[in-house]
Number of protein chains: 2
Amino acid sequence: MVLNQGVVLDRVFRALAHPARRAILQRLSDSEQNLTELAAPLRMSFPAASKHVRVLERAKLVRRRVVGRSHLCRLDAAPLKDAASWIEAYRQQWEGNFQRLDAVLDELKAQRRGRARDDR
Amino acid sequence: MVLNQGVVLDRVFRALAHPARRAILQRLSDSEQNLTELAAPLRMSFPAASKHVRVLERAKLVRRRVVGRSHLCRLDAAPLKDAASWIEAYRQQWEGNFQRLDAVLDELKAQRRGRARDDR
DNA sequence: TTGATTTAGAACCATTTGGTTTAGCTTATC
DNA sequence: GATAAGCTAAACCAAATGGTTCTAAATCAA
């Protein structure tokens with residue numbers, strides 16, 4: 001059982017709530033990169049970028065392996081699964097499937113009316 | 001094209017990053033409720049709960065309609081679609097489809113080697 | 001009209017966030 | 001050994017978050 005599932009979701013959603021961190025994740029989906037490479041395009045100081053990576057690490061979205069003086073980061077997308085399933089519960093609502101379901105039910109009712117008429 | 005798409009994602013992910021706000025969304029997926037009803041189970045003061053609803057409104061996840069002294073809130077799941085599609089880009093990675101793809105490619109290579117041997 | 005209900009808003013507070021600069025520690029290179 | 005590269009840590013700051021309490025306004029009900 002997952003008692004602190006909520007905390008995980010807190011961390012993941014929080015991590016995703018900053019454009020710099022989403023950018024980092026996107027770049028890591030291509031390849032492993034070290035901090036300098038990650039920080040380079042981020043219009044902020046190196047320590048600031050380093051902190052963002054740390055936030056992603058705490059959310060378990062990034063793993064780090066130290067090779068010499070280089071800290072290589074790689075994506076771990078697993079926690080995104082939890083976030084996705086949470087959101088997924090609302091898919092029907094934004095896709096308007098309820099209306100579509102209504103249409104299907106109307107169709108079924110129409111068919112039953114048709115059969116009833118034929119059976120007469 | 002959506003220039004401030006990022007800001008929308010910021011707001012949505014930020015809104016989802018607090019358990020109280022996720023709880024509010026879940027309760028609203030059942031039925032429209034006013035602030036008192038929403039605040040009741042939230043182990044915090046009414047103003048605090050009210051602020052959380054306001055955050056959800058700014059993220060366009062909740063709409064409010066005032067009826068007398070009652071502020072009725074209803075879910076608008078549409079912005080969740082953007083969040084879901086952003087996350088969706090990583091589904092392959094957490095589902096390990098790359099490994100599976102690797103296996104498929106290995107299989108193909110093996111077949112080609114087989115054919116090359118037969119052609120000899 | 002009086003009084004209770006529902007909500008907003010302001011003031012306040014502690015903590016977190018997101019950024020900076022500076023300093024220092026390893027590790028590689030010359 | 002000197003110097004550069006890659007990174008952490010600390011100190012600092014402004015602004016945002018998440019909570020509180022108190023006050024006040026609007027609406028409903030007796």
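Computed from a prediction, not measured in an experiment: that's the story for all the values here. A note on names: the letters A, B, ... follow the listed sequences, proteins ahead of strands, and every chain is numbered from 1.
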Nucleotide [N], atom [atom2] - distance to [atom1] of [X] in whole Å:
X        : N       : atom1 : atom2 : value
Leu72(B) : dT27(D) : CG    : C1'   : 14 Å
Ile24(B) : dG18(D) : CD1   : P     : 12 Å
His71(B) : dT27(D) : NE2   : C1'   : 10 Å

Glu88(B): partners by side-chain contact (heavy atoms from CB on, under 4.5 Å), with sequence neighbours left out: Arg91(B)
Expected output: side-chain [X] to main-chain [Y] donor-acceptor under 3.5 Å:
X        : Y        : value
Ser85(B) : Lys81(B) : yes
Arg27(A) : Glu37(A) : yes
Ser70(B) : Val67(B) : no
Gln93(A) : Tyr90(A) : no
Arg64(B) : Asn34(B) : no

Partners passing salt bridge (Lys or Arg N to Asp or Glu O under 4.0 Å) against Arg65(B) (at least two apart in sequence or in another chain):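 Arg65(B): salt bridge (Lys or Arg N to Asp or Glu O under 4.0 Å) contacts with Glu32(B).
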Comparing Met44(B) and Phe46(A) on DNA chain D - which has the more 5′ nearest nucleotide: Phe46(A)
Check against side-chain contact (heavy atoms from CB on, under 4.5 Å), Arg22(A) and Leu9(B): CA-CA 10 Å; Arg22(A) 289 197 303 275; Leu9(B) 282 180; 3.7 Å; yes
Co-members of the apolar cluster containing Val55(B) [side chain, <4.5 Å]: none
4.5 Å side-chain heavy-atom contact, Pro79(A) and Asp76(A):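 Side chain of Pro79(A) against side chain of Asp76(A), heavy atoms only: contact under 4.5 Å found.
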Close approaches to DNA chain D from residues 30-38 of chain B, in residue order (heavy atom, under 4.0 Å):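 Contacts with DNA chain D under 4.0 Å: none.
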For DNA chain D, the residues among residues 10-19 of chain A that have a non-hydrogen atom under 4.0 Å from it: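 Of all residues in residues 10-19 of chain A, none places a heavy atom under 4.0 Å from DNA chain D.
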Plane angle bin for Phe13(A) and Trp86(A) - parallel if under 30°, tilted between 30 and 60°, otherwise perpendicular: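 Answer is perpendicular, since the angle exceeds 60°.
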Positions of residues 51-70 of chain A (non-hydrogen atom under 4.0 Å from DNA chain C), listed by number: Lys51(A), His52(A), Gly68(A), Arg69(A)
Distance test, side-chain N/O of Ser50(A) to OP1/OP2 of dC7(D), below 4.0 Å: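 Answer no for this pair, as no side-chain N or O of Ser50(A) is under 4.0 Å from OP1 or OP2.
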Below 4.0 Å: OP1/OP2 of dT20(D) and any side-chain N or O of Ser45(B): yes
